[in-house]
2 protein chains.
Amino acid sequence: MVDREETTTAPKVTDAALRPFLGFNLRRAWNVIHADLVATLEPLGLRMITFSALTVIGENPGLSQAQLATALSVERPNLVAVTDELSTRGLVTRERLASDRRTYALKLTAAGERLLARATEAVRGHEAALYEPLSDGERQSLIAMLQKIESKGTGRS
Amino acid sequence: MVDREETTTAPKVTDAALRPFLGFNLRRAWNVIHADLVATLEPLGLRMITFSALTVIGENPGLSQAQLATALSVERPNLVAVTDELSTRGLVTRERLASDRRTYALKLTAAGERLLARATEAVRGHEAALYEPLSDGERQSLIAMLQKIESKGTGRS
DNA sequence: TATTGTTATACTCTATAACTATA
DNA sequence: TATAGTTATAGAGTATAACAATA
(Lines give C-alpha, C1' and ligand atoms only; values in the text may rest on other atoms or scores of the structure.)
Protein backbone atom coordinates (compact mmCIF):
# COMPACT_ATOMS: atom_id res chain seq x y z
CA MET A 1 0.00 0.00 0.00
CA VAL A 2 2.99 2.23 0.28
CA ASP A 3 5.27 2.52 -2.74
CA ARG A 4 3.12 1.41 -5.63
CA GLU A 5 3.39 4.25 -8.09
CA GLU A 6 4.87 7.12 -6.14
CA THR A 7 6.14 9.05 -9.10
CA THR A 8 4.86 12.52 -8.30
CA THR A 9 4.67 12.30 -4.53
CA ALA A 10 7.88 12.31 -2.53
CA PRO A 11 8.51 8.75 -1.35
CA LYS A 12 10.30 9.69 1.86
CA VAL A 13 9.30 12.89 3.54
CA THR A 14 12.05 14.24 5.72
CA ASP A 15 12.48 17.11 8.14
CA ALA A 16 16.23 17.18 7.46
CA ALA A 17 16.06 20.77 6.24
CA LEU A 18 14.84 21.87 9.69
CA ARG A 19 17.33 19.78 11.68
CA PRO A 20 20.24 22.26 11.43
CA PHE A 21 18.16 24.84 13.30
CA LEU A 22 18.70 25.01 17.04
CA GLY A 23 15.12 26.12 17.56
CA PHE A 24 13.68 23.09 15.82
CA ASN A 25 15.69 20.63 17.89
CA LEU A 26 14.95 22.51 21.08
CA ARG A 27 11.24 22.52 20.35
CA ARG A 28 11.17 18.82 19.60
CA ALA A 29 13.06 18.01 22.79
CA TRP A 30 10.66 20.25 24.68
CA ASN A 31 7.68 18.41 23.21
CA VAL A 32 9.02 15.16 24.64
CA ILE A 33 9.77 16.64 28.04
CA HIS A 34 6.43 18.42 28.17
CA ALA A 35 4.39 15.34 27.30
CA ASP A 36 6.25 13.35 29.93
CA LEU A 37 5.83 16.10 32.50
CA VAL A 38 2.11 16.38 31.92
CA ALA A 39 1.73 12.62 32.31
CA THR A 40 3.85 12.67 35.46
CA LEU A 41 1.91 15.45 37.15
CA GLU A 42 -1.58 14.40 36.07
CA PRO A 43 -2.01 11.62 38.67
CA LEU A 44 -1.19 14.20 41.35
CA GLY A 45 -3.81 16.59 40.04
CA LEU A 46 -1.15 19.10 39.01
CA ARG A 47 -0.31 20.95 35.82
CA MET A 48 3.01 22.56 34.95
CA ILE A 49 1.87 25.93 36.19
CA THR A 50 0.49 24.63 39.49
CA PHE A 51 3.60 22.54 40.11
CA SER A 52 5.84 25.50 39.38
CA ALA A 53 3.75 27.73 41.61
CA LEU A 54 3.91 25.26 44.50
CA THR A 55 7.67 25.01 44.07
CA VAL A 56 8.27 28.76 44.07
CA ILE A 57 5.88 29.34 46.98
CA GLY A 58 7.62 26.55 48.88
CA GLU A 59 10.95 28.25 48.48
CA ASN A 60 9.65 31.78 49.01
CA PRO A 61 6.98 31.55 51.69
CA GLY A 62 5.01 34.75 52.12
CA LEU A 63 5.55 36.07 48.62
CA SER A 64 2.80 37.97 46.83
CA GLN A 65 0.97 36.94 43.67
CA ALA A 66 2.73 39.66 41.74
CA GLN A 67 6.09 38.32 42.89
CA LEU A 68 5.02 34.82 41.98
CA ALA A 69 3.99 36.02 38.54
CA THR A 70 7.38 37.62 38.00
CA ALA A 71 9.23 34.49 39.13
CA LEU A 72 7.16 32.32 36.80
CA SER A 73 7.25 34.77 33.88
CA VAL A 74 3.49 34.87 33.50
CA GLU A 75 1.12 37.81 33.63
CA ARG A 76 -0.68 38.50 36.88
CA PRO A 77 -4.20 37.79 35.64
CA ASN A 78 -3.24 34.27 34.63
CA LEU A 79 -2.23 33.43 38.18
CA VAL A 80 -5.63 34.15 39.69
CA ALA A 81 -7.12 30.83 38.60
CA VAL A 82 -3.96 29.07 39.75
CA THR A 83 -3.96 30.44 43.29
CA ASP A 84 -7.73 29.99 43.47
CA GLU A 85 -7.32 26.33 42.65
CA LEU A 86 -4.42 25.78 45.03
CA SER A 87 -6.27 27.60 47.78
CA THR A 88 -9.53 25.71 47.23
CA ARG A 89 -7.64 22.42 47.38
CA GLY A 90 -6.12 23.43 50.70
CA LEU A 91 -2.57 23.44 49.38
CA VAL A 92 -1.85 27.15 49.75
CA THR A 93 -3.04 29.87 52.12
CA ARG A 94 -3.62 33.48 51.12
CA GLU A 95 -3.27 35.80 54.10
CA ARG A 96 -3.86 39.52 53.86
CA LEU A 97 -0.91 41.56 55.06
CA ALA A 98 -1.67 43.97 57.90
CA SER A 99 0.96 46.35 56.55
CA ASP A 100 -0.53 46.40 53.03
CA ARG A 101 -4.00 45.00 52.73
CA ARG A 102 -3.86 44.91 48.94
CA THR A 103 -1.44 42.01 48.84
CA TYR A 104 -1.69 38.38 49.80
CA ALA A 105 1.07 36.42 51.48
CA LEU A 106 1.19 33.00 49.87
CA LYS A 107 2.29 30.02 51.94
CA LEU A 108 2.09 26.27 51.59
CA THR A 109 -0.12 24.33 53.96
CA ALA A 110 1.09 21.04 55.42
CA ALA A 111 -0.85 19.28 52.68
CA GLY A 112 0.79 21.56 50.13
CA GLU A 113 4.22 20.67 51.45
CA ARG A 114 3.43 16.97 51.25
CA LEU A 115 2.07 17.16 47.71
CA LEU A 116 5.01 19.27 46.60
CA ALA A 117 7.44 16.73 48.02
CA ARG A 118 5.71 13.90 46.21
CA ALA A 119 5.49 15.85 42.94
CA THR A 120 9.13 16.92 43.13
CA GLU A 121 10.20 13.31 43.56
CA ALA A 122 8.03 12.25 40.63
CA VAL A 123 9.41 14.97 38.35
CA ARG A 124 12.98 14.11 39.39
CA GLY A 125 12.37 10.52 38.43
CA HIS A 126 10.85 11.49 35.08
CA GLU A 127 13.78 13.78 34.32
CA ALA A 128 16.29 11.11 35.30
CA ALA A 129 14.79 8.84 32.64
CA LEU A 130 15.09 11.55 29.99
CA TYR A 131 18.63 12.34 31.11
CA GLU A 132 19.60 8.69 30.98
CA PRO A 133 21.58 8.80 27.71
CA LEU A 134 23.69 11.70 28.99
CA SER A 135 26.71 11.56 31.28
CA ASP A 136 26.89 13.71 34.41
CA GLY A 137 29.24 16.12 32.69
CA GLU A 138 26.96 16.36 29.68
CA ARG A 139 23.97 17.13 31.87
CA GLN A 140 25.83 19.97 33.53
CA SER A 141 27.03 21.42 30.26
CA LEU A 142 23.57 21.07 28.71
CA ILE A 143 21.97 23.15 31.45
CA ALA A 144 24.83 25.65 31.32
CA MET A 145 24.38 26.06 27.56
CA LEU A 146 20.63 26.47 27.88
CA GLN A 147 21.16 29.20 30.45
CA LYS A 148 23.64 30.95 28.18
CA ILE A 149 21.03 30.97 25.43
CA GLU A 150 18.39 32.17 27.87
CA SER A 151 20.66 35.03 28.93
CA LYS A 152 20.79 36.24 25.32
CA GLY A 153 17.15 37.14 25.65
CA THR A 154 16.56 39.57 28.49
CA GLY A 155 20.20 39.85 29.47
CA ARG A 156 19.12 38.61 32.87
CA SER A 157 19.56 35.08 34.14
CA MET B 1 10.49 51.45 47.43
CA VAL B 2 11.87 47.95 47.72
CA ASP B 3 13.07 46.78 51.13
CA ARG B 4 11.35 49.06 53.57
CA GLU B 5 9.61 46.74 55.96
CA GLU B 6 9.61 43.38 54.23
CA THR B 7 9.17 41.26 57.30
CA THR B 8 6.41 38.92 56.23
CA THR B 9 6.96 39.01 52.49
CA ALA B 10 9.99 37.30 51.03
CA PRO B 11 12.54 39.99 50.21
CA LYS B 12 14.06 38.24 47.21
CA VAL B 13 11.87 35.92 45.22
CA THR B 14 13.91 33.29 43.48
CA ASP B 15 13.25 30.51 41.00
CA ALA B 16 16.30 28.62 42.27
CA ALA B 17 14.16 25.65 43.26
CA LEU B 18 13.12 25.17 39.62
CA ARG B 19 16.61 25.65 38.17
CA PRO B 20 17.82 22.08 38.76
CA PHE B 21 15.08 20.81 36.46
CA LEU B 22 16.05 20.25 32.84
CA GLY B 23 12.53 21.06 31.71
CA PHE B 24 12.54 24.46 33.34
CA ASN B 25 15.81 25.51 31.72
CA LEU B 26 14.75 24.11 28.38
CA ARG B 27 11.47 25.99 28.52
CA ARG B 28 13.14 29.27 29.41
CA ALA B 29 15.68 28.89 26.59
CA TRP B 30 12.80 28.06 24.24
CA ASN B 31 10.97 31.20 25.30
CA VAL B 32 13.96 33.29 24.23
CA ILE B 33 14.39 31.49 20.93
CA HIS B 34 10.69 31.61 20.21
CA ALA B 35 10.35 35.33 20.86
CA ASP B 36 13.34 36.00 18.62
CA LEU B 37 12.03 33.71 15.92
CA VAL B 38 8.61 35.35 15.90
CA ALA B 39 10.23 38.78 15.59
CA THR B 40 12.51 37.52 12.82
CA LEU B 41 9.73 36.01 10.73
CA GLU B 42 7.11 38.69 11.27
CA PRO B 43 8.55 41.19 8.74
CA LEU B 44 8.39 38.41 6.13
CA GLY B 45 4.75 37.70 6.91
CA LEU B 46 5.60 34.26 8.25
CA ARG B 47 4.88 32.39 11.45
CA MET B 48 6.77 29.40 12.80
CA ILE B 49 4.32 26.96 11.24
CA THR B 50 4.32 28.64 7.83
CA PHE B 51 8.11 28.87 7.79
CA SER B 52 8.43 25.21 8.77
CA ALA B 53 5.89 24.22 6.14
CA LEU B 54 7.73 26.13 3.40
CA THR B 55 10.99 24.50 4.44
CA VAL B 56 9.63 20.95 4.38
CA ILE B 57 7.76 21.49 1.11
CA GLY B 58 10.93 22.95 -0.38
CA GLU B 59 12.86 19.84 0.47
CA ASN B 60 10.08 17.40 -0.38
CA PRO B 61 8.34 18.80 -3.46
CA GLY B 62 5.13 16.99 -4.32
CA LEU B 63 4.38 15.74 -0.82
CA SER B 64 0.81 15.56 0.44
CA GLN B 65 -0.72 17.52 3.29
CA ALA B 66 -0.90 14.37 5.37
CA GLN B 67 2.81 13.80 4.84
CA LEU B 68 3.50 17.40 5.69
CA ALA B 69 1.49 17.06 8.87
CA THR B 70 3.49 14.01 9.89
CA ALA B 71 6.80 15.74 9.18
CA LEU B 72 5.75 18.77 11.23
CA SER B 73 4.16 16.74 14.05
CA VAL B 74 0.83 18.53 13.81
CA GLU B 75 -2.63 17.16 13.19
CA ARG B 76 -3.99 17.33 9.65
CA PRO B 77 -6.81 19.78 10.35
CA ASN B 78 -4.38 22.37 11.65
CA LEU B 79 -2.56 22.44 8.33
CA VAL B 80 -5.58 23.45 6.26
CA ALA B 81 -5.38 27.10 7.22
CA VAL B 82 -1.62 27.00 6.67
CA THR B 83 -1.74 25.64 3.13
CA ASP B 84 -4.71 27.89 2.36
CA GLU B 85 -2.65 30.89 3.37
CA LEU B 86 0.46 29.81 1.50
CA SER B 87 -1.59 29.02 -1.59
CA THR B 88 -3.51 32.31 -1.48
CA ARG B 89 -0.24 34.19 -1.19
CA GLY B 90 1.08 32.41 -4.26
CA LEU B 91 3.90 30.70 -2.39
CA VAL B 92 2.72 27.12 -2.78
CA THR B 93 0.71 25.23 -5.42
CA ARG B 94 -1.76 22.43 -4.66
CA GLU B 95 -2.13 20.12 -7.63
CA ARG B 96 -4.56 17.22 -7.62
CA LEU B 97 -2.90 13.93 -8.42
CA ALA B 98 -4.31 12.12 -11.46
CA SER B 99 -3.56 8.81 -9.80
CA ASP B 100 -5.43 9.69 -6.58
CA ARG B 101 -7.65 12.69 -6.76
CA ARG B 102 -8.08 12.86 -3.01
CA THR B 103 -4.56 14.09 -2.39
CA TYR B 104 -2.77 17.29 -3.22
CA ALA B 105 0.83 17.54 -4.38
CA LEU B 106 2.39 20.52 -2.64
CA LYS B 107 5.15 22.46 -4.38
CA LEU B 108 6.80 25.82 -3.93
CA THR B 109 6.26 28.50 -6.56
CA ALA B 110 9.16 30.67 -7.67
CA ALA B 111 7.95 33.29 -5.21
CA GLY B 112 7.79 30.62 -2.50
CA GLU B 113 11.40 29.64 -3.23
CA ARG B 114 12.53 33.23 -3.01
CA LEU B 115 10.71 33.92 0.26
CA LEU B 116 11.98 30.68 1.75
CA ALA B 117 15.55 31.62 0.82
CA ARG B 118 15.18 35.01 2.46
CA ALA B 119 13.51 33.59 5.57
CA THR B 120 16.11 30.85 5.92
CA GLU B 121 18.88 33.41 5.83
CA ALA B 122 17.10 35.55 8.41
CA VAL B 123 16.57 32.62 10.76
CA ARG B 124 20.18 31.53 10.35
CA GLY B 125 21.30 35.00 11.35
CA HIS B 126 19.00 35.06 14.36
CA GLU B 127 20.23 31.66 15.50
CA ALA B 128 23.86 32.68 15.03
CA ALA B 129 23.28 35.51 17.51
CA LEU B 130 21.78 33.13 20.08
CA TYR B 131 24.57 30.63 19.50
CA GLU B 132 27.21 33.31 19.94
CA PRO B 133 28.31 32.37 23.49
CA LEU B 134 28.85 28.75 22.43
CA SER B 135 31.86 27.26 20.68
CA ASP B 136 31.44 25.18 17.54
CA GLY B 137 31.97 22.00 19.50
CA GLU B 138 29.43 23.06 22.08
CA ARG B 139 26.84 23.77 19.42
CA GLN B 140 27.27 20.32 17.95
CA SER B 141 27.05 18.61 21.31
CA LEU B 142 24.02 20.72 22.30
CA ILE B 143 22.06 19.59 19.26
CA ALA B 144 23.22 16.01 19.73
CA MET B 145 22.04 16.04 23.36
CA LEU B 146 18.69 17.56 22.42
CA GLN B 147 18.19 14.81 19.85
CA LYS B 148 19.04 12.16 22.41
CA ILE B 149 16.39 13.56 24.71
CA GLU B 150 13.94 13.73 21.84
CA SER B 151 14.60 10.09 21.03
CA LYS B 152 13.53 9.13 24.55
CA GLY B 153 10.03 10.18 23.61
CA THR B 154 8.69 8.24 20.66
CA GLY B 155 11.82 6.22 20.10
CA ARG B 156 11.77 7.64 16.58
CA SER B 157 13.91 10.54 15.42
C1' DT C 1 -0.87 58.80 40.99
C1' DA C 2 0.63 53.88 41.46
C1' DT C 3 0.00 49.01 42.75
C1' DT C 4 -2.52 44.39 44.02
C1' DG C 5 -5.67 41.40 42.85
C1' DT C 6 -9.33 40.75 39.81
C1' DT C 7 -12.66 40.36 35.68
C1' DA C 8 -13.47 40.17 31.01
C1' DT C 9 -11.73 39.32 26.77
C1' DA C 10 -9.08 37.74 22.84
C1' DC C 11 -5.63 35.48 20.31
C1' DT C 12 -2.60 31.56 19.24
C1' DC C 13 -1.66 26.81 19.14
C1' DT C 14 -3.24 22.44 19.12
C1' DA C 15 -6.39 18.25 19.43
C1' DT C 16 -10.76 15.53 18.37
C1' DA C 17 -15.04 14.26 15.93
C1' DA C 18 -17.42 14.11 11.97
C1' DC C 19 -18.30 15.24 7.17
C1' DT C 20 -17.18 14.74 1.65
C1' DA C 21 -15.06 12.77 -2.00
C1' DT C 22 -12.45 9.58 -3.49
C1' DA C 23 -10.38 5.01 -3.41
C1' DT D 1 -13.88 -0.08 4.58
C1' DA D 2 -10.23 3.17 4.56
C1' DT D 3 -7.84 7.53 3.43
C1' DA D 4 -7.13 12.88 2.14
C1' DG D 5 -8.70 17.03 2.90
C1' DT D 6 -11.97 19.66 5.28
C1' DT D 7 -15.21 21.81 8.81
C1' DA D 8 -16.53 22.81 13.28
C1' DT D 9 -15.34 22.91 17.78
C1' DA D 10 -12.99 22.89 22.16
C1' DG D 11 -9.32 23.17 25.25
C1' DA D 12 -5.07 24.84 26.88
C1' DG D 13 -1.79 28.77 27.45
C1' DT D 14 -1.01 33.43 27.41
C1' DA D 15 -1.62 38.55 26.67
C1' DT D 16 -4.05 43.27 27.27
C1' DA D 17 -7.47 46.62 29.12
C1' DA D 18 -10.00 48.15 32.75
C1' DC D 19 -11.96 48.06 37.39
C1' DA D 20 -12.14 48.28 42.84
C1' DA D 21 -9.56 48.51 46.93
C1' DT D 22 -5.66 50.22 48.94
C1' DA D 23 -1.48 52.77 49.29
Worksheet entry | Salt-bridge present (R28(B), D15(B); N to O < 4.0 Å) | yes
Discussion item. Any donor-acceptor pair under 3.5 Å linking the side-chain atoms of Q65(B) with those of T83(B)?
Written reply: yes
Worksheet item: Between E85(B) and R47(B), is there a salt bridge with N-O shorter than 4.0 Å?
Response: yes
Practice prompt. Considering just the side-chain nitrogens and oxygens of R47(A), establish if one lies under 4.0 Å of OP1 or OP2 belonging to dG11(D).
Written response: no
Worksheet item: Quick one: do R94(B) and D84(B) make a salt bridge, cutoff under 4.0 Å?
Response: yes
Worksheet item: In whole angstroms, how far is the P atom of dT6(D) from the CG atom of L106(B)?
Response: 9 Å
Fill in: Nearest to side-chain heavy atoms of T103(B), which nucleotide of dT14(C), dT4(C), dA4(D)
dA4(D)
Discussion item. So, does R94(B) get its side chain near the phosphate of dA4(D), meaning an N or O under 4.0 Å from OP1 or OP2?
Written reply: no
Worksheet item: Looking at dA4(D), dA23(C), dT6(C), which one has an atom nearest to any side-chain atom of R101(B)?
Response: dA23(C)
Practice prompt. Hey, could you give me the CG/NZ distance between D36(A) and K152(B), rounded to the nearest 0.5 Å?
Written response: 10.0 Å
Discussion item. Which heavy atom of V56(B) sits nearest to which heavy atom of A71(B), and what is that distance?
Written reply: CG1-CB, 4.0 Å
Discussion item. Rounded to whole Å, please give me the gap between CZ in R102(A) and P in dA2(C).
Written reply: 13 Å
Worksheet entry | Residue A66(B), side-chain atoms from C-beta onward, closest of dT22(D), dT14(D), dG5(D) | dG5(D)
Worksheet, complete the sentence: Rounded to whole Å, CG of L63(B) lies from P of dA4(D) at a distance of 12 Å
Worksheet item: Below 4.0 angstrom, N of the basic side chain to O of the carboxylate: do E127(A) and R124(A) qualify?
Response: no
Item to complete: Enumerate the residues from residues 74-87 of chain A whose closest heavy atom to DNA chain D is under 4.0 Å, giving them by residue number; use none for an empty result.
Response: E75(A), P77(A), N78(A)
Worksheet item: Among dT22(C), dG5(C), dT6(D), which nucleotide sits nearest the side chain of Q65(B)?
Response: dT6(D)
Worksheet item: Below 4.0 angstrom from OP1 or OP2 of dG5(C), is there any side-chain N or O of R96(A)?
Response: no
Worksheet item: Can a side chain N or O of Q67(B) be found less than 4.0 Å away from OP1 or OP2 on dA4(D)?
Response: no
